[in-house]
Visitor: 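The structure follows.
Because only heavy atoms are used, hydrogens play no part in the values below, and waters and symmetry mates are left out as well, while side chains stay in. When a residue number appears, it is its place in the shown sequence, counting from 1.
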Amino acid sequence: MNEAQFDVVGVGNAIVDIISQADDDLIKRHVLPKGGMTLVDRDASHALYDDMGPATEVSGGSAANTMAGLASLGGRAAFFGRVCDDQLGHVFTHDIRAIGVSYETPPAAGGTPTGRCLVLVTPDAQRTMQTYLGSSAEFGPEDVNEAVIRTAAVTYLEGYLFDPPPAKAAFRKAAEAAHSADRQVALTLSDSFCVARHQDEFRDLVDGHIDILFANEDEITILYDTNDFDAALEAVRGKCEIVVLTRGEKGSVILAGGEMYTNAPEPVAQVIDTTGAGDLYAAGFLYGLTHGCDLPTCGRIAGICAAEIISHFGARPAVSLKDLVAERLG
């Protein structure tokens, strides 16, 4: 196998996050599932935006956040996702390139605007999201550069991308290209509502088609139709080479080769916003994995990155994760 040009290439929705502090009354008024993500059309997105308070715009999207985190750690990251040639598209492109991620997907000229995710952060630090996919939903197989995929040690696939059919086809093309080059494929289940929508297809993918699986406690229990985390853990055991399960304040669990490793959560002075916690956990884990760390150390790096991201608003690092990890690991 040739040496990898990239540590990880992410495939996902290119989204700009519009983040605002909110109270529970706003959540109830718009009948939003608190703590979850809802797909909406342009009109619904505009209606919520008009009712939100002051907001901050920052490039987002689950897999894009993970690639940004990987770059902040000093890793070599690339990303595939579609934006429109509009103001938010320019914001996304600038931000992801500025942090050091290779991003060469051409913007769509006119037509459907760049996708955006309205993120409402309540005082309990929960984030409730309404996502208008916009041009990101038009991402298709033609946008997947197989040559780049084959040069990445890991191809990281975002579960959210499974919603629109063209993007789903792109998802499968990327996975096939990676495996044809004997590279690893990672999948994040992304969101419990996403898992519920695609339960059967995700089960099929996990059972023998995915090398590295990322999921949180809600996602993995929904995937296997149980309310018991331990039962879900046993159901997924052995399905993938590596299974990484995050549990919030309970830390994380890593399954691999018949072994199980647990990591306690990293300390956080104050939890401000949980947006991107799973994305940055995956960034830290994949950085460690592609740089020869053992699995417990991968989990430790992941926890440090997740702790940093929940200590401030937004899903992109506020400090150099490379320096932070060096300081914490000593």
Side-chain angles (χ1 to χ4, degrees), residues 10 12-13 17 33-38 60-66 69 117 119 121-122 124-129 131 156-163 186-199 201-203 205-206 210 212-237 239-240 242-256 260-266 268 271 273-286 289 295 298-311 315:
N13 290 317
D17 289 337
K34 186 174 179 181
M37 190 282 290
T38 306
S62 175
N65 291 338
T66 298
C117 180
V119 184
V121 183
T122 41
D124 58 3
Q126 283 293 309
R127 80 281 187 273
T128 300
M129 302 174 289
T131 301
Y156 180 77
L157 303 173
E158 176 188 318
Y160 284 131
L161 198 63
F162 234 59
D163 282 306
L187 168 69
T188 173
L189 295 184
S190 293
D191 179 89
S192 58
F193 296 95
C194 186
V195 176
R197 288 194 297 274
H198 306 293
Q199 186 186 54
E201 288 177 289
F202 278 167
R203 280 186 181 176
L205 280 171
V206 169
I210 297 298
I212 307 164
L213 177 68
F214 292 91
N216 65 25
E217 189 164 357
D218 287 341
E219 292 156 5
I220 201 66
T221 53
I222 290 173
L223 185 66
Y224 290 106
D225 281 327
T226 177
N227 293 320
D228 181 48
F229 175 77
D230 291 332
L233 186 150
E234 290 306 316
V236 75
R237 187 188 291 272
K239 300 288 188 185
C240 305
I242 301 172
V243 177
V244 185
L245 304 175
T246 57
R247 309 188 71 190
E249 68 277 4
K250 298 176 184 176
S252 61
V253 176
I254 302 165
L255 302 175
M260 182 171 75
Y261 309 93
T262 59
N263 284 87
E266 293 293 316
V268 182
V271 177
D273 174 16
T274 57
T275 307
D279 302 336
L280 271 293
Y281 185 99
F285 189 92
L286 291 172
L289 189 69
L295 293 179
C298 291
R300 178 80 197 283
I301 297 170
I304 293 169
C305 295
E308 190 281 333
I309 214 68
I310 64 175
S311 68

Visitor: Does the distance from a Lys or Arg side-chain N to an Asp or Glu carboxylate O, for D218 and R247, drop under 4.0 Å?
Guide: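 Looking at R247 together with D218, the answer is no, because their closest N to O distance does not fall below 4.0 Å.
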
Visitor: Does E158 reach the main-chain N or O of A63 with its side chain, forming a donor-acceptor pair under 3.5 Å?
Guide: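 Yes; judged by distance alone, with no hydrogens or angles, the pair exists.
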
Visitor: What do you reckon, are the aromatic ring centroids of F214 and F285 less than 6.0 Å apart?
Guide: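 Under 6.0 Å, so yes.
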
Visitor: Ignoring hydrogens and geometry beyond distance, is a side-chain donor-acceptor pair present between N216 and T246 at under 3.5 Å?
Guide: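 Short answer, no.
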
Visitor: Could you pull out all residues at least two apart from F162 that satisfy ring-ring contact (aromatic ring centres under 6.0 Å, His included)?
Guide: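 F162 satisfies ring-ring contact (aromatic ring centres under 6.0 Å, His included) with F171, H198, F202 only.
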
Visitor: Before giving the answer on side-chain contact (heavy atoms from CB on, under 4.5 Å), spell out for I210 and K239 the whole-Å C-alpha distance, their side-chain angles and the decisive distance to 0.1 Å.
Guide: CA-CA 8 Å; I210 297 298; K239 300 288 188 185; over 6 Å; no

Visitor: Within the structure provided, determine whether N13 and S62 are in side-chain contact (heavy-atom separation under 4.5 Å).
Guide: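 They are not in side-chain contact.
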
Visitor: Side chains of R203 and Y224: does their closest heavy-atom pair fall under 4.5 Å?
Guide: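 Heavy-atom side-chain distance check passes, below 4.5 Å.
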
Visitor: Does NZ belonging to K250 count more than 12 external heavy atoms closer than 6.0 Å?
Guide: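 Result for NZ/K250: open.
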
Visitor: I need the minimum non-hydrogen distance between G276 and A315, along with the two atoms involved.
Guide: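 Closest heavy-atom pair between G276 and A315: CA-CB, 3.9 Å.
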
Visitor: Taking the side chain as every heavy atom from C-beta outward, state whether E217 and L245 have any atom pair closer than 4.5 Å.
Guide: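 A side-chain contact under 4.5 Å is absent here.
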
Visitor: Could you check I242, L213, V236 and say which one makes a side chain to side chain contact (heavy atoms under 4.5 Å, CB included) with L255?
Guide: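 For L255, the side chain to side chain contact (heavy atoms under 4.5 Å, CB included) test succeeds with only one of I242, L213, V236, which is V236.
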
Visitor: Between D273 and Q126, is there a side-chain donor-acceptor contact under 3.5 Å, judged purely by atom types and distance?
Guide: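 On atom types as modelled, these side chains do not qualify, holding no pair under 3.5 Å.
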
Visitor: A side-chain contact here means heavy atoms from C-beta on lying under 4.5 Å apart; do T66 and Y281 qualify?
Guide: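 No, their side chains stay 4.5 Å or more apart.
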
Visitor: With a 4.5 Å heavy-atom cut-off, do L295 and L289 have their side chains touching?
Guide: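 L295 reaches L289 side chain to side chain.
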
Visitor: For V271 and A125, which heavy atoms make the closest approach, and how far apart are they?
Guide: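 Taking every non-hydrogen atom into account, CG1-CB, 3.6 Å.
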
Visitor: Rounded at 0.5 Å granularity, tell me how far SG in C305 sits from CD in E266.
Guide: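 If we round to the nearest 0.5 Å, C305:SG and E266:CD are 9.5 Å apart.
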
Visitor: Determine whether R197 and D191 satisfy the following criterion, salt bridge (charged side-chain N to carboxylate O under 4.0 Å, His left out), listing intermediate values before the conclusion.
Guide: CA-CA 10 Å; R197 288 194 297 274; D191 179 89; 5.3 Å; no

Visitor: Give the intermediate values and the outcome of side-chain contact (heavy atoms from CB on, under 4.5 Å) for residues C240 and V206.
Guide: CA-CA 7 Å; C240 305; V206 169; 3.8 Å; yes

Visitor: So which atom in A277 and which in A306 form the shortest heavy-atom distance, rounded to 0.1 Å?
Guide: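 Shortest heavy-atom separation between A277 and A306 comes out as O-CB, 3.7 Å.
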
Visitor: Under 4.0 Å between a side-chain nitrogen and a carboxylate oxygen: does that hold for D17 and R127?
Guide: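 Answer for the salt bridge query: no.
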
Visitor: Which residue in the set I222, D228, L223 passes side chain to side chain contact (heavy atoms under 4.5 Å, CB included) when paired with T226?
Guide: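 Passing option: D228.
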
Visitor: Are F229 and V253 packed together at the side-chain level, in the sense that at least one heavy-atom pair is separated by less than 4.5 angstrom?
Guide: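 Of all side-chain heavy-atom pairs linking V253 with F229, at least one is under 4.5 Å.
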
Visitor: From E219 CD over to S190 OG, what is the distance, rounded to the nearest 0.5 angstrom?
Guide: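 Output value for this atom pair is 7.0 Å.
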
Visitor: Between Q199 and D225, is there a side-chain heavy-atom distance shorter than 4.5 Å?
Guide: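 D225 vs Q199: side chains touch.
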
Visitor: Show, in sequence, the C-alpha distance, side-chain angles and deciding distance for N263 and I254, and conclude whether the side-chain contact (heavy atoms from CB on, under 4.5 Å) test is met.
Guide: CA-CA 8 Å; N263 284 87; I254 302 165; 3.8 Å; yes

Visitor: To the closest 0.5 Å, what do you measure between CE (M37) and OG1 (T131)?
Guide: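 So the gap between those two atoms works out to 4.5 Å.
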
Visitor: With a 4.5 Å limit on heavy-atom distance, are the side chains of T38 and F193 in contact?
Guide: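 No. Closest side-chain heavy atoms not under 4.5 Å.
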
Visitor: Judged by modelled atom types alone, do T122 and D124 share a side-chain donor-acceptor pair under 3.5 Å?
Guide: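 Indeed, the side chains of T122 and D124 share at least one donor-acceptor pair under 3.5 Å.
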
